[in-house]
Amino acid sequence: MFPRDFAWGAGTAAYQIEGGWQADGKGASIWDTFCHERGRVCGEQSGDVACNSYQLWEKDLQCIRQLGLTHYRLSLSWARLLPHGTTPHVNQKGVQYYNQVIDDLLACGVTPMVTLYHFDLPQALQDQGGWKCPGMADIFDCYAKFCFQTFGDRVKLWITINEPYVCAKLGHEDGIHAPGLKEEAGIAAYLVGHNMLRAHAMAWHTYNSLYRAKQGGALSLAINSDWLEPLDACCPEDVAATERYLAFTLGWFAWPVFVTGDYPETMRSAIDARSKKLGYEGTSRLPSFSKDEPAILGTADFFALNYYTSRKVKPGEGGGGEMSLSMKSDRDVTEVLDPSWPIPGVSWLAVVPHGLRKLLKYIKDTFNDPAVYITENGFSQVGPLQIEDVQRSEFYRDTLMEVARAIQEDGVKVRGYFAWSLLDNFEWADGFSVRFGLYHVDFADAKLSRTAYRSGREYAQMISKSKSKSNGESS
Ligand code: BGC
């Protein structure tokens, strides 16, 4: 049912699995700082040790091989490579670690997809103002260049930034992710999103002009989006609210990169109208792209989509407060859950596999029919844990069926699927209470042993069937 060269993957992120937070000269990241502050993370947990993949990489590799993955998505810890965030000081031990990981993957016939930034800014850069500062884009570009130069002979699939939406909103508006800021609601998140888009675009142009010809890789940014539809498709207000919500989430990052080089008009006009209403003086809270900087439009070689859930939408400020300065108030929507959608794990994740197919079709139609990698998708268990996790096995089967339909019936160019996640790991503010792994990790055992869940074993079977079918067809 899947194309012959379909990428079968699973993903992880450095802070969620590596541990070794101070090992061998690694610098601190904003997640190290955040977790070490009381009251930030469920049960005061942290990624200090996590799955200890910094030392136990070989165990991860075994899991990857058992699953029969063709691709593995990992992220680099910026502060492990550049402890102060900038290039004069390179931590060679960090370089060695990632060289080992990349070389081992390639030796096993597994293609690495490498994310440069998955939420973990070096603390030294946060101390200088972090993503709110325009200068961060140039600093990121230097880091990206360092990574292309160091690993790009072997890495051919790059993600610059993972989920700028989450970094901007959860980190700088809601304050529930590092760096935990919420004092400038309705302002800081737009600034952060803007600088992340500029950083991404600069890195793409650097790759394009200096490395592409020689290294021949492809690069994008990973955009998260729920599938959104009007609560009542016949109600114009619900339809408009859905468009607005899409503009403030998916459109915020995809529109500039894939369609116009600028933010969706719906987003800008909603923000500006609200600023006026509140008597907010000055320039728009949503920054503008400068013509003197590298263009944003066209800076993705494929669409990298992280999809987890769906929502129905109607108007209403969704808890933001009528007169408050906040993103929630700007976008003015209320999310509604369809009662038929199960929520078996973490509370925000209603399981809706068919939403993925609809979203893929929407992406094809809206963003000029790009090649798509589903760079994250999965659902979690929250205790009591079941190694025989039948429901999650069914979820993967149903989801992959929807992906196959998107390819065959809707003609979406889906190039690959990365289950989230290879391992149970540190699930950000939820700590270890929420488990997304295809492999169970026993965090109570000093060896941190990994055991395949039933969903992992069945995913492996699906991959193996698909591979043997395409081999059969080609012979
Ligand atoms: C992130 C992952 C996270 C997952 C599940 C995504 O937002 O990229 O790091 O573990 O969702 O919450």
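When a ligand or atom number is given, it counts from 1 through the structure's own listing order. The residues of the chain are indexed from 1 along the displayed sequence.
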Pairing of Lys361 and Asp365 as salt bridge, 4.0 angstrom limit | yes

Quick note on ligand 1: atoms under 4.0 Å from a heavy atom of Glu163 include exactly 1 (C), 6 (C), 7 (O), 8 (O)

Side chain to side chain contact (heavy atoms under 4.5 Å, CB included) with Met267: of Thr249, Leu286, Asp330, only one passes, and it is Leu286

Under 4.0 Å from one or more heavy atoms of Glu427, ligand 1 contributes atoms 3 (C), 5 (C), 10 (O), 12 (O)

Chi angles and distances behind the side-chain contact (heavy atoms from CB on, under 4.5 Å) call for Tyr373, Ile159 = CA-CA 11 Å; Tyr373 283 92; Ile159 301 292; over 6 Å; no

Under 4.0 Å from one or more heavy atoms of Trp348, ligand 1 contributes atoms 12 (O)

**Q.** NZ/NE/NH1/NH2 to OD/OE distance under 4.0 Å, Asp32 and Lys26
**A.** yes

All heavy atoms of Pro112 vs all of Leu74, minimum pair found to be CB-CD2, 4.3 Å

Atom 1 (C) of ligand 1 has as its nearest protein heavy atom Glu376 OE1, 3.3 Å

For His118, the atoms of ligand 1 under 4.0 Å from one of its heavy atoms are 1 (C), 2 (C), 8 (O), 9 (O)

For ligand 1, is there an atom lying under 4.0 Å from some heavy atom of Asn162?
-> yes

- request: Before accepting this row, confirm whether a basic side-chain N of the pair Glu458/Arg392 lies closer than 4.0 Å to the acidic partner's carboxylate O.
  value: no

Nearest non-hydrogen contact to atom 4 (C) of ligand 1 from the set Phe426, Phe119, Phe379, Tyr308 belongs to Tyr308

